[in-house]
Amino acid sequence: MGRTEKNILGKENASVIVDLLKKAYCDEMQIFHYFWYIGINMEGIGLVTYAPTLKTQATGELTHAELLSNRISELAEKAPSDPAVWKTQGNIGPLDPAQYLTLRAALEKGLEFEGKAVENYNNIAKKALEVNDFVTYNLATTILANEVKDEQHTEDVLKNLEVK
Ligand SMILES: [Fe+2]
Ligand SMILES: [Fe+2]
């Protein structure tokens, strides 16, 4: 951690922020894989209509993970590297994308994740502001804006889905 930032944040505050960032990293990696896997293996109508969108969405989540990882490094730690940890230390828990391969199932589960992400980044932004960590605050609000867009988009598609 940079010397000046270390002085401003303090060890305790920095570790609270790092924990939140690590949790978010676990979520992003799981959500990335969820969208990526379904984008490749989708079944039925979704395969020809929505799979490419899911792959794009997946790379968006991967970018979030990278931003989080960079910030975790700046705070002198490392993002969780073991995929087994992503299931236990994130907010999502065990997740098997293969169970959501139809269009409706994929979107409904996806909507759940985006909603969770909106809540989480909202919390991280609040916490960061509380401890004067403006860099994390900026990061959290940037990702939050993406997640709000993701949630709205998924909601709109689901609402107008003509497949029952
Ligand atoms: Fe994300
Ligand atoms: Fe998202």
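Start at 1 and go down the list; that is how both ligands and their atoms are numbered.
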Sorted by chain and residue number, the side chain to side chain contact (heavy atoms under 4.5 Å, CB included) partners of Ser15 (sequence neighbours excluded) come out as none
Atom name of the N, O or S atom of Glu114 nearest to the Fe ion (ligand 2) is OE1
Sequence neighbours excluded, the answer for ring-ring contact (aromatic ring centres under 6.0 Å, His included) partners of Phe35 is none
If we ignore angles and hydrogens, is there a donor and acceptor under 3.5 Å between the side chains of Asn70 and Glu66? no
Side-chain donor-acceptor pair under 3.5 Å between Gln30 and His33, yes or no? no
Hey, does Asn91 have a side-chain heavy atom less than 4.5 Å from the side chain of Asn120? yes
Using a 4.5 Å side-chain heavy-atom cut-off and chaining through intermediate ILVMFWY residues, the residues clustered with Val85 come out as none
Which protein N, O or S atoms does the Fe ion (ligand 1) have within a distance shorter than 2.8 Å? Glu28 OE1, Glu28 OE2, Glu61 OE1, His64 ND1, Glu147 OE2
